[in-house]
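Structure first, commentary second.
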Amino acid sequence: MTTWQSACAIIDSCLSHGIREFVVCAGARNAALVEILARAETAGVARVWRHFEERSAGFFALGRTMATGEPCAVVTTSGTAVAELLPAMIEAFYQGRPLLALTADRPERFRGTGAPQAISQPGIFGEHAGSGDIAEWLQRSPWHWNVELEEEFQPGEWSPPSEDKSQRIPLPNFSVADLSRWLREDLYRGLVVMIGDLEPEDQEHVFHFCLDLGVPVAVEATSGLREALVEMALPDPDRMLRQNPPGKVLRIGGVPSGRFWRDLEDLPETEVYNITRTGLPGLARECKTITSPVGRVMKGLGKVEKAGDALDYFRRTSRRASEIENLLEAYPESEPGMLRILSAYASTGSSLYLGNSLPIREWNLFAQHDKPVTDVRANRGANGIDGQLSTWLGWTADLEDAWCLVGDLTALYDLAAPAWLGQIETKGRVFVVINNGGGQIFSRLPRLESMSERAKDLMLNSHEVRLDGWAAMWSMGYLRIQDENGFDKLEPGEGALLVEVLPNAGESAAFWKAWDSPH
Ligand SMILES: Cc1ncc(C[n+]2csc(CCOP(=O)(O)OP(=O)(O)O)c2C)c(N)n1
């Protein structure tokens, strides 16, 4: 077979197995694949994106899988280009998303010789990806297809494959009998539902299930139900649950990001039942897990009986909610105060992406509750601050009025992400960066107090960088907001807008001091 014929067979196999989107990071080794993909695009059978940086491309492709629920391939050249995909592949593994790394390689005889751009590519993603021919892929988690190609090729004919080999693999079976019993027994011990990320098609099912069950819920924004379930939600779940741990926790959807989920590791007397698409229990302790798309389980359960609030959480929720309101009013220019104001603007967008942990936590606790924000995503598989903007841009590539909210280090980590802007929808797009001058999540760590000044400096990565130059570099609009009134000028436009919010450090410190004081 010539290189051209091999490359045709590879792309044909992808297309006939239902892969329709390809993110190309070009190099000499994958040039034949790139040529065929360009033709596939012209023929209308593939959508092709490009970027020069594989790390960003991997996350953008991950975002595409979130948007479509279908696989997306990243097509790289050989060498460290492949290694750059590792973070996105790991994230896709923990989220259970069909990300394909299609990596061009030098023929096997070059491995270990030190020949240029020849590294050991097979197995490079370890246990985070299956590998081999695409025909073996179940398309529910990441996959690595490493293809050996000669660099030289003569372009020949190519036409789209007519055969459709894509097959829908049946979803796993499960039984709800045990869960159904569990939801009815020992209710005096207190049952709480914790809701993490939900796929859009599951939201309605979970909403009705919670209304029927009538128990307190700890609901995260990425469920899309944070506002809809406000009447049943604990306003400060980590603290309320830690003070009075329930006997039973039902977790629905992704692994919750809040502190109490981690506390459960050390609360063996609290029983935990998971309903999750990925099958990952999210805890290293004993718990039960049903692996299935969440809505299917809700349907299987049918209408559940009311379980109620045995531990009287609801009695305390309105007082706690008004204490939070009072704090936000007292410190409007603190980071939580600014986030509250911002949330009213962001909720006018069509979707919201939350970056790293502090914005997620602050949004969950302090964002407005009046207007439902149903399309909310975050990368929480294994991710902290890596590839967040790229994932957002992939997820929302076709969407107008898309908003994201990230910290300053998170933005600085993904500086090449705006290179996507020329290929995606920009109307009404708003990047919000909360610039608190470093990784302030660590200033919330109790143990930071006991660390030396130098160690604190090493932890926080403090800086005084401002992002107007970055906005100018990529022709984004720019607005800096330093006080309450600054929000008056926040108006999304035709092109992307970068909004840099600078909270008042003194007010933030005062806010958190009051927040941490006993209630
Ligand atoms: C890839 C990766 N590197 C490092 C970390 C550790 N980490 C977690 S949060 C954080 C700081 C984030 O800072 P910033 O984006 O400014 O947000 P802030 O905490 O100030 O809201 C770091 C370095 C991580 N989670 N993931």
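Along the sequence shown, residues are numbered consecutively beginning with 1. Order of appearance sets the numbers: ligands from 1, and atoms from 1 within every ligand.
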Point to revise | N or O contact, N383 vs ligand 1, cut-off under 3.5 Å | key: no
**Study point:** Any N/O pair G438/ligand 1 closer than 3.5 Å
**Key:** yes
Review point. On the ring face of W392, is R377 found with NZ or CZ under 6.0 Å from the centre and within 45° of the axis?
Key: no
Check your understanding: So is S357 polar-close to ligand 1, meaning N/O to N/O under 3.5 Å?
Key -> no
Practice item. Report the C-alpha distance between F511 and F366 in whole Å, list the side-chain angles of each, state the deciding distance to 0.1 Å, and finish with yes or no for ring pair (Phe, Tyr, Trp, His ring centres under 6.0 Å). Key: CA-CA 12 Å; F511 178 97; F366 308 126; 5.3 Å; yes
Check your understanding: L409 heavy atoms, cut-off 4.0 Å: which ligand 1 atoms fall inside?
Key -> 13 (O), 14 (P), 15 (O), 16 (O)
**Study point:** Check: Q440 N/O within less than 3.5 Å of ligand 1 N/O
**Key:** yes
Practice item. Counting heavy atoms only, name the option from G437, G439, S443 that's nearest to atom 11 (C) of ligand 1. Key: G439
Check your understanding: atom 17 (O) of ligand 1: which protein heavy atom is closest, and how many Å away?
Key -> N356 ND2, 2.9 Å
Practice item. Could you tell me whether R361 and D238 make a salt bridge, using a distance below 4.0 angstrom between a side-chain N and a carboxylate O? Key: no
**Study point:** Nearest-option assignment for atom 24 (C) of ligand 1, heavy atoms, candidates A411, P87, G384, G407
**Key:** G384
Check your understanding: When you look for heavy atoms under 4.0 Å from ligand 1, do you find them on the side chain of T410, its backbone, both, or neither?
Key -> both
Check your understanding: Any idea which protein heavy atom is nearest atom 21 (O) of ligand 1, and the distance to it?
Key -> L358 CB, 3.2 Å
Check your understanding: Counting both backbone and side chain atoms, is some N or O of F442 under 3.5 Å from an N or O of ligand 1?
Key -> no
Revision key, fill the gap. Ligand 1 atoms nearer than 4.0 angstrom to some heavy atom of D408 are 14 (P), 15 (O), 16 (O)
Check your understanding: Any sub-3.5 Å donor-acceptor pair from S223's side-chain atoms to L225's backbone N or O?
Key -> yes
Review point. Does R97 pair with E199 as a salt bridge, N-O distance under 4.0 Å?
Key: yes
Point to revise | R239 to W515, cation-pi by 6.0 Å centre distance and 45° axis angle | key: yes
Revision key, fill the gap. For N436, the ligand 1 atoms with a heavy-atom partner under 4.0 Å come out as 18 (P), 20 (O), 21 (O)
Review point. Any donor-acceptor pair under 3.5 Å linking the side chain of N30 with the backbone of G27?
Key: yes
Exercise for review: Distance to 0.1 Å, residue and atom name: give those for the protein heavy atom nearest to atom 1 (C) of ligand 1.
Suggested key: Y413 OH, 3.4 Å
**Study point:** Region of I385 engaging ligand 1 - heavy atom pairs below 4.0 Å
**Key:** both
Exercise for review: State whether R466 and D408 are salt-bridged, where the test is any N-O pair (Lys NZ or Arg NE/NH1/NH2 against Asp/Glu carboxylate O) under 4.0 Å.
Suggested key: no
Study note, to complete from the structure: Tested for salt bridge (charged side-chain N to carboxylate O under 4.0 Å, His left out) against R242, the lone hit among D236, D263, D266 is D263
Review point. Which option, I441, L412, V433, owns the non-hydrogen atom nearest atom 19 (O) of ligand 1?
Key: I441
Review point. Any N or O on P359 sitting closer than 3.5 Å to an N or O of ligand 1?
Key: no
Point to revise | Whether F60 and W420 hold their rings parallel, tilted or perpendicular, with breakpoints at 30° and 60° | key: parallel
Check your understanding: Is the side chain of Q368 donor-acceptor paired with the backbone N or O of I341 at a distance under 3.5 Å, no angle test?
Key -> no
